[in-house]
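Data first, discussion second: the structure below is written as structure tokens.
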There are 4 protein chains.
Amino acid sequence: MARTIGSNGARTAEAIRQAGVKLIYRHGYEAMSLRQLAAEVGLQSGSLYKYFDNKQSLLFDIVREHMADLLAKAEADLAGIDDPMARLKAFSAFHLRYHMQRMAHVFIANMEIRSLDDDHRAMVVGLRRRYENLLEDTLREGAQAGVFKITEPKVATYAIISMLTGICMWYRPGGRLSQDQLVDIYTGLVVDGVTGPQGVPVKADKHRALV
Amino acid sequence: MARTIGSNGARTAEAIRQAGVKLIYRHGYEAMSLRQLAAEVGLQSGSLYKYFDNKQSLLFDIVREHMADLLAKAEADLAGIDDPMARLKAFSAFHLRYHMQRMAHVFIANMEIRSLDDDHRAMVVGLRRRYENLLEDTLREGAQAGVFKITEPKVATYAIISMLTGICMWYRPGGRLSQDQLVDIYTGLVVDGVTGPQGVPVKADKHRALV
Amino acid sequence: MARTIGSNGARTAEAIRQAGVKLIYRHGYEAMSLRQLAAEVGLQSGSLYKYFDNKQSLLFDIVREHMADLLAKAEADLAGIDDPMARLKAFSAFHLRYHMQRMAHVFIANMEIRSLDDDHRAMVVGLRRRYENLLEDTLREGAQAGVFKITEPKVATYAIISMLTGICMWYRPGGRLSQDQLVDIYTGLVVDGVTGPQGVPVKADKHRALV
Amino acid sequence: MARTIGSNGARTAEAIRQAGVKLIYRHGYEAMSLRQLAAEVGLQSGSLYKYFDNKQSLLFDIVREHMADLLAKAEADLAGIDDPMARLKAFSAFHLRYHMQRMAHVFIANMEIRSLDDDHRAMVVGLRRRYENLLEDTLREGAQAGVFKITEPKVATYAIISMLTGICMWYRPGGRLSQDQLVDIYTGLVVDGVTGPQGVPVKADKHRALV
DNA sequence: TATGAATGAGTATTCATTCAT
DNA sequence: AATGAATGAATACTCATTCAT
């Protein structure tokens with residue numbers, strides 16, 4: 001049946017949002033149809049329009065809220081930590097834990113950016129930029145302080161975030177390694193990566209050109 | 001008219017393939033319509049079926065060929081390099097250069113795996129696995145030899161590949177940093193990451209649980 | 001506009017069914033397009049899918065319902081008639097009347113069996129088999145009782161049913177002969193055919209072989 | 001390969017015709033594609049147009065030639081037989097044998113008449129009319145001579161032809177009954193049907209009206 | 001709050017047919 | 001005699017969206 005006794009709009013809205021996350025995660029935004037979504041929450045597809053203006057705005061809501069949440073939690077987590085190394089470790093640990101616990105949201109936010117309208121995408125990219133800056137500023141400070149041996153903080157930021165985010169591609173709860181262990185391993189790679197003797201850069205071998 | 005003077009099957013096939021890569025890269029596989037693709041190469045959409053069986057097989061062809069090429073070139077590049085550290089650097093440099101030069105193909109192969117049929121996906125994932133093993137085996141050997149301080153070669157493999165592949169998300173030719181410089185920077189992070197004192201893992205701070 | 005005033009799902013469903021019978025009868029299942037069908041009932045072609053899953057299921061519904069109706073009515077008509085001759089006459093009369101009154105349905109059920117999917121066809125053929133058995137059993141009983149001079153009840157069944165069904169190929173309401181008269185004529189041929197001195201079969205002349 | 005050494009146009013034309021009969025018999029005219037047909041004879045579909053003007057004319061050729069052949073052979077078979085009863089038996093035997101030996105052609109001619117253009121259909125129906133007249137005239141003469149007890153020769157003609165033609169619906173070579181036996185059985189039904197005491201028609205029972 | 005009927009534009013795909021070579 | 005590249009119109013079917021009820 002479509003309607004549980006005692007159900008109400010807020011409950012339905014939340015159900016739609018969750019089903020949306022699930023289906024977009026599983027099939028992709030373009031491939032998910034509103035009919036599927038409606039079926040998942042026990043509605044007719046036309047009824048969804050009580051809860052959003054159109055399919056695009058559903059995606060935008062999910063992505064924007066996720067990004068805002070990510071940013072807010074990260075800022076809260078780092079608040080009061082001043083030492084660059086401590087901030088780096090805290091950022092890494094936070095990022096990993098968040099990504100392991102919110103894999104679907106994270107995946108959607110990364111994959112479906114190109115499905116957003118230009119305006120929506122710009123807004124989301126802005127939030128992402130602010131999030132990345134948390135790390136970039138830390139790296140920059142640590143580099144200036146001499147504790148991080150990096151010459152290009154922006155490149156390092158991208159590199160580190162890509163590495164950490166990649167955990168979503170393979171992590172599954174209940175695996176051999178606990179979340180704590182994974183945090184240790186990844187964070188170790190990050191810390192060692194930015195504290196090693198990189199200041200004397202490896203000389204790039206000239207490889208045969210790719211066709 | 002039946003045939004444009006000078007038209008040529010092989011030429012058309014190549015044009016379709018290139019336009020396919022371009023449009024899938026830009027809009028995503030689901031979002032690209034065959035009408036768009038046909039317009040891009042100056043055909044009626046029905047005429048595309050002289051060149052592939054269906055939309056799915058176009059995607060599969062592009063992805064499989066890319067993965068096979070990536071694997072073959074990597075194997076060729078590493079052939080004869082035995083020292084783990086040298087292999088690691090060579091792999092990193094190869095991966096980065098390949099990804100900077102073939103961004104669209106790489107992006108498609110990473111993003112559209114979920115748009116592949118089960119069988120096709122399995123085949124592509126198999127190729128990817130073989131590619132990842134090039135790195136994983138190297139890490140494992142280096143770890144046994146004591147030159148890499150890593151305890152989980154598989155995790156490190158995923159982490160490193162994610163980091164290196166991430167260059168596609170922001171690199172644009174003609175930027176401030178040359179490809180050689182980027183290879184140095186990223187490879188430095190990788191090498192330092194796996195040679196640092198990670199064997200004594202950073203103790204994970206317990207952060208507040210995420211909701 | 002979303003909805004024509006006074007429109008009604010059940011009414012539309014029935015209109016689609018009737019238009020479907022009419023168009024399949026006139027043009028054949030393969031030759032009838034859903035656009036034609038939609039135009040006939042005043043809808044957009046996509047809207048038809050509120051009423052059936054696909055074109056095939058429309059055909060199947062029509063054919064199955066017809067066969068089930070034919071079988072049920074025949075069984076009801078013959079119920080309580082035990083004498084083989086009376087049953088034969090009753091079957092013949094029923095079959096003729098039904099076929100004169102439901103020419104389109106009958107024609108479709110006979111002609112479009114090959115357009116059905118394997119499973120659907122099997123189900124329809126099963127119903128047809130049960131219908132034919134009503135006649136075959138009667139012929140067999142009459143033959144055992146000595147009232148019908150036939151040696152091959154199954155062949156006689158096919159022969160009689162083909163003969164009777166053939167009325168659909170030329171009968172048009174309002175012709176010179178009434179339905180009652182046609183029932184008399186055809187039934188006379190049937191009865192005489194199975195009561196004549198066939199037990200001493202005509203010796204087949206050997207004709208020149210056909211190429 | 002598409003071309004056998006020494007093949008020539010006439011051979012190809014015949015191959016196309018035979019493949020056409022086979023495929024139309026199996027799938028129906030509408031459902032058979034020229035691509036299928038071309039593949040069956042090892043050509044590109046465009047090459048078929050060396051051998052016919054269009055799909056419709058292929059069908060027409062097959063059906064017309066079949067009808068002309070049927071008519072010619074029937075006329076030849078009946079030539080010189082004057083006695084109505086002998087003519088009836090000869091017609092029945094001829095019709096049955098022809099239909100058992102040329103099932104595909106016969107089936108196509110009966111089923112695909114509606115797929116013919118108006119002009120083509122008219123021509124084919126004309127040939128069929130002449131064929132039916134062979135029987136109708138015989139029945140009429142026999143009735144006047146008092147040997148056939150029928151009041152409506154035209155109706156009897158349709159009835160008999162439908163009955164005899166129906167053998168195509170179930171006959172398969174190699175079955176329990178030989179062609180000769182089937183000729184005996186069917187012809188027995190026909191002869192008995194038209195010689196029985198039908199002149200005093202069975203009074204039609206009034207059955208409940210069909211809905 | 002939700003339904004259910006409908007739209008209209010879109011999708012991938014197939015078709016008979018053409019014609020330069 | 002046949003190819004192979006292409007057309008243009010058609011097909012069945014899906015989609016996001018609307019709106020009277």
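Both backbone and side-chain heavy atoms feed into the values below; hydrogens, waters and symmetry mates do not. Residue numbers begin at 1 in each chain, while the letters A, B, ... track the order of the sequences.
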*asked:* Assess the residue pair B/Glu40 and B/Gln36 against the criterion (side-chain hydrogen bond (donor to acceptor under 3.5 Å, both in side chains)); give the C-alpha distance rounded to whole Å, side-chain angles, the decisive distance to 0.1 Å, and a yes or no.
replied: CA-CA 6 Å; B/Glu40 188 79 16; B/Gln36 272 179 284; over 6 Å; no
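The shortest non-hydrogen separation linking A/Glu30 to A/Lys55 is O-NZ, 3.6 Å.
Here OG of C/Ser115 is found 10.5 Å from CD1 of C/Ile108. Values are rounded to the nearest 0.5 Å.
As rounded to whole Å, 10 Å separates atom P of F/dT17 from atom CG of A/Asp53. With rounding to whole Å, C/Tyr29 atom OH is found 8 Å from F/dA12 atom P. Rounded to a whole Å, the CD atom of C/Glu30 is 14 Å from the P atom of E/dT14. The nearest whole Å value for the distance from the CG atom in C/Asn8 to the P atom in F/dT21 is 13 Å. Between the CD atom of D/Gln36 and the P atom of E/dT13 there is a distance of 19 Å, given to the nearest Å. Rounded to whole angstrom, the span from the CZ atom of D/Phe52 across to the P atom of E/dA16 amounts to 9 Å. Remark: P of E/dT14 and OH of B/Tyr49 are 6 Å apart, rounded to the nearest angstrom. Distance C/Leu34 CG to F/dT11 P: 9 Å, rounded to the nearest Å.
As the counterpart of E/dA16, F/dT7 is assigned, both hydrogen-bonding distances of the Watson-Crick or G-U wobble pattern falling under 3.5 Å.
Across the interface with DNA chain E, nearest-nucleotide mapping of D/Gly46 and B/Asn54 shows B/Asn54 to be the residue nearer the 5′ end.
Of the side-chain N and O atoms in B/Ser33, one or more sit less than 4.0 angstrom from OP1 or OP2 of E/dT11. Residue A/Ser45 has no polar side-chain atom (N or O) positioned under 4.0 Å from OP1 or OP2 of F/dT17. For E/dA5, neither phosphate oxygen OP1 nor OP2 lies less than 4.0 angstrom from any side-chain nitrogen or oxygen of C/Lys50. In this structure, B/Arg35 does not reach the E/dG10 phosphate: none of its side-chain N or O atoms is under 4.0 Å from OP1 or OP2. Listed pair C/Thr12 / E/dA6 meets the phosphate criterion, a side-chain N or O lying under 4.0 Å from OP1 or OP2. OP1 and OP2 of E/dT1 both lie 4.0 Å or more from every side-chain N or O belonging to A/Ser47.
Of all nucleotides listed (E/dT17, F/dT7, E/dG4), F/dT7 comes nearest to the side chain of B/Gln44. Counting only heavy atoms from C-beta on, D/Leu43 has its side chain closest to F/dA2 among F/dA2, E/dT17, F/dT18.
For the pair D/Glu112 (side chain) and D/Phe107 (backbone), a donor-acceptor distance under 3.5 Å is absent.
Here B/Tyr51 lies in heavy-atom contact (under 4.0 Å) with sugar-phosphate atoms only.
Enclosure of atom CE in D/Met123 is not indicated, since only 12 or fewer non-hydrogen atoms of other residues, nucleotides or ligands lie within 6.0 angstrom.
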